[in-house]
There are 2 protein chains.
Amino acid sequence: MSLHPVAIQGRERESDLSSVFSLQPLERFAPGQPVFWEGDEARHIFEVGDGMLRALRMLADGRRIIVGFLRPGDLLGVSLRERYIYTVEAITPVELRRFSRWRFEDVVARQPHLREQLFSRLCDEMTAAQDQTVLLSRRSADEKLANFLLMMAQDRHGDRTPVIDLPMARLDIADYLGMTIETVSRTITKLASSGIIASPVKRSIIVLKMQALQSIAEGDDNDHWAAPVAFR
Amino acid sequence: MSLHPVAIQGRERESDLSSVFSLQPLERFAPGQPVFWEGDEARHIFEVGDGMLRALRMLADGRRIIVGFLRPGDLLGVSLRERYIYTVEAITPVELRRFSRWRFEDVVARQPHLREQLFSRLCDEMTAAQDQTVLLSRRSADEKLANFLLMMAQDRHGDRTPVIDLPMARLDIADYLGMTIETVSRTITKLASSGIIASPVKRSIIVLKMQALQSIAEGDDNDHWAAPVAFR
DNA sequence: CGGATTCTTGAGAGCTGTCAATCGTTGTGG
DNA sequence: CCACAACGATTGACAGCTCTCAAGAATCCG
C-alpha cells in the first residue's frame, strides 16, 4: 500500500521532462544543418542540450520567416501534430537528445506531473508565439531590435545579463523581426553610435545603457538617443 | 469487468470538450463588453456559443494589438496559466458558457480523450498564433488584407464561402493586421474597385474572384489588379 | 593570399503612417 | 418624423520610414 508511486513504479518515474531525455544518446548537428523540415512526419521530440537553433517557415515565394530561436533546455516538436509545423536548423554546433514521439507520449501519459510540465511548455510556446506577434505588430525598427536584444539578454532563469551572445546572422535577425538585413545593420549601428550598446567582439554585444534600451523597446521615442559620443 | 469505462463512469463520461460546457447556463455579453481582462486571475474557461469576440493585448503606450478573433465553438482561456494573457471583449452580442477552471482541470484530468482534445486545442491556438506571426511578417498591406479575408471566409469546417461576415470595426482589423484604419480602408477600396470583392451590405463582403484574392494573399503582386471594371 | 560570404553604408523610391476634411450611418431628442 | 450630434469610414495630401538597389568594407576559409 504505497502512497508514493515513485516507490513502486521504478524506472517509470521521471522527476521532470528533461530526465526523460537524459539517457538518450547525444546527437550533434553542424551549423546550418537541419534537424527536421516543416511538413515532415513528426516522429521525434528533441531536447536541446547545447547550442542555438532557428525555427522557420517558408512562404511560397521563398520568403523566410523565423518563428523562434531555441536554446539549451528547450524542447523541439512539443506542439505535437501529425507533422512538424516548422523547419529547425542548427545555427551554432548543436547537441540534441532525441526521443521517439510515441514513446514520449506513452511516458508522459502515465505521469500526471509530466503531463503538467508538457502542458506548461506548450503554454510557454504559445505565449512566445503571441509575444512575437506583438513584437512584429506596428512597431518601428528601433523598437523591434531593442526588444529583440532584451529578449536575447535573458538567460534561462529570466535574469538579464548585459553581455549578449548573438550567434545568428543578420539575415536570421531580419527574418525574425520582419525587416531587411540593411535595416537591422543600420539600427545596430545607430544604437552603437548612441553609446547604448557596444560590440567589441563579432557576434557579441554589450548593453551599456540598459535603461535606455528598455525605453526604446517600449516605444519612448524621446531622447535616449542623445549622443553620449560626446567630445568628438 | 468492464472494458468500456463509459458504462460505469456515468455522468463522468463526456463525449467531447463541448459537452463539458453544455449544462452550464448561457451568459450574454453586449458588444464592447469585456469577458475578462489581461492579467486577471484565470478562474474560468469559456466556450463561445454564439457571436464574435476579440482577444487583445495592450502596450504600455496604449497601442492595441488584436491577437485573435473568436467564433462559436472556440474556447477562451485554454492556455491555462495563473492569469489570462489577453483581454477578451465581445464584438457582436455574444453567448458564452462558463466553467470553473479547477473543475475543468479535474474533469479533463480524469478522461484521457478529453486531455487529448484539450491538448489538440492548445496546439491549434499555438498554430494560430504562429500563423499570425507569419501574416504580420514582411508582407504588404494587400497581402495582409487578402489573407485576412481568406481567413474570415473559412467556416468552422474549413470550407470557404464567398460571403464573408465582418462584424468587427476597421480599427479591429487594423489592430489585427498591424496597420492603420486608413490603410485598411484604402486597401478594401482598391480590392473592390478591382472587382475582386464587393460589399453590397455594411459589415459584409462577397468575394467575386477567389482565385485573384488567393494570388494576392500569396504575394503574386502581378496582375490580378487588372481592372475588370471594364466598359466604363 | 584570394575568393566567397557577410556586413555596412549610401542614394533614391515606394509604401504606409500621419494629419485633416468629408461623407455616411446611427441614434437621440425635440 | 425630422434635425442634429456622434461616430465610423473614406478619401486626400504629404512626410517619413523602411525597402530596394548598389557599392564598398570586413571577415572567413581554403
Side-chain angles (χ1 to χ4, degrees), chain A residues 30-32 54 59 61-66 91-93 135-146 148 166-194 197-205 216 219 221 225, chain B residues 30-32 54 59 61-66 91-93 135-149 166-194 197-205 216 219 221 225:
Chain A
R54 59 185 170 242
L59 296 186
D61 60 0
R63 275 172 300 184
R64 203 180 71 140
I65 291 157
I66 293 197
I91 291 176
T92 63
L135 177 58
L136 286 171
S137 185
R138 299 262 261 129
R139 309 185 81 146
S140 70
D142 295 338
E143 271 181 271
K144 287 187 198 172
L145 196 66
F148 171 72
L166 286 184
M168 70 288 288
R170 291 284 182 273
L171 183 58
D172 291 332
I173 300 176
D175 287 346
Y176 180 74
L177 296 176
M179 26 199 266
T180 59
I181 53 172
E182 292 95 331
T183 303
V184 170
S185 184
R186 273 185 256 270
T187 307
I188 290 179
T189 301
K190 196 164 97 177
L191 283 169
S193 60
S194 300
I197 63 172
S199 181
V201 185
K202 214 66 203 170
R203 314 238 133 163
S204 176
I205 277 182
I216 294 168
D221 48 349
W225 298 101
Chain B
R54 58 183 170 243
L59 297 187
D61 60 0
R63 276 173 299 184
R64 202 180 71 141
I65 292 158
I66 293 197
I91 291 176
T92 64
L135 178 59
L136 286 171
S137 185
R138 300 259 263 130
R139 309 185 79 145
S140 70
D142 296 337
E143 272 181 89
K144 287 187 199 172
L145 195 65
N147 275 292
F148 171 72
L149 290 177
L166 286 185
M168 70 287 288
R170 291 284 181 273
L171 184 58
D172 290 333
I173 301 176
D175 286 347
Y176 180 74
L177 296 177
M179 24 199 270
T180 60
I181 52 172
E182 292 94 332
T183 303
V184 170
S185 185
R186 273 186 256 269
T187 306
I188 289 178
T189 301
K190 196 164 94 174
L191 284 169
S193 60
S194 301
I197 63 171
S199 181
V201 186
K202 215 69 199 167
R203 316 239 131 165
S204 176
I205 279 182
I216 294 168
D221 49 346
W225 298 101

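A note on names: the letters A, B, ... follow the listed sequences, proteins ahead of strands, and every chain is numbered from 1. For the numbers below, each heavy atom of this structure counts, side chains included, while hydrogens, waters and symmetry mates do not. This is a predicted model, so every value here is computed, not measured.
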Item checked: Toward the 5' end of DNA chain D, by each residue's nearest nucleotide, B:S185 or A:E182 ->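 The residue mapped nearer the 5' terminus is B:S185.
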Quickly work out the [X] [atom1] to [N] [atom2] distance and round it to whole Å.
X	N	atom1	atom2	answer
A:I173	D:dT18	CD1	P	16 Å
B:I188	D:dT10	CD1	C1'	11 Å
B:R139	C:dC15	CZ	P	17 Å
B:L171	C:dG17	CG	C1'	15 Å
B:M179	D:dA9	CE	C1'	14 Å
A:R63	D:dC19	CZ	C1'	13 Å
B:R138	D:dC19	CZ	P	6 Å
B:R186	D:dC14	CZ	P	13 Å

For [N] and [X] - does any side-chain N or O of the residue sit under 4.0 Å from the phosphate oxygens OP1/OP2?
X	N	value
B:R203	D:dA9	yes
A:T180	D:dC19	yes
A:T189	C:dT9	yes
B:R170	D:dT10	yes

Can you identify which nucleotide, out of [options], has its nearest atom closest to the [X] side chain?
X	options	value
A:T183	C:dT16, D:dC21, D:dC19	D:dC19
A:A141	C:dT9, D:dG12, D:dT18	D:dT18
A:A169	D:dT20, C:dC7, D:dA9	C:dC7
A:S140	C:dT16, D:dT18, D:dT11	D:dT18

Next item on the list: Using a strict 4.0 Å threshold on nitrogen-to-oxygen distance, state whether B:K190 and B:D142 make a salt bridge.
Entry: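 Yes.
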Notebook entry, point to check: Does a side-chain N-to-carboxylate-O contact under 4.0 Å join B:E143 and A:R63?
Noted result: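 Salt bridge flag = yes for A:R63 with B:E143.
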Notebook entry, point to check: Are the side chain of A:S185 and the backbone N or O of A:R170 linked by a donor-acceptor pair below 3.5 Å?
Noted result: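 Not a single qualifying donor-acceptor pair exists.
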Next item on the list: Could you pull out the closest heavy-atom pair between A:P31 and A:T92, with the gap in Å?
Entry: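 Residues A:P31 and A:T92, closest heavy atoms: CG-C, 3.8 Å.
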Check: Which residue, A:V184 or B:K202, contacts DNA chain C at a nucleotide closer to its 5' end, judged by nearest heavy atom?
Finding: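 Mapping each residue to its closest nucleotide by heavy atoms, the 5'-most match is A:V184.
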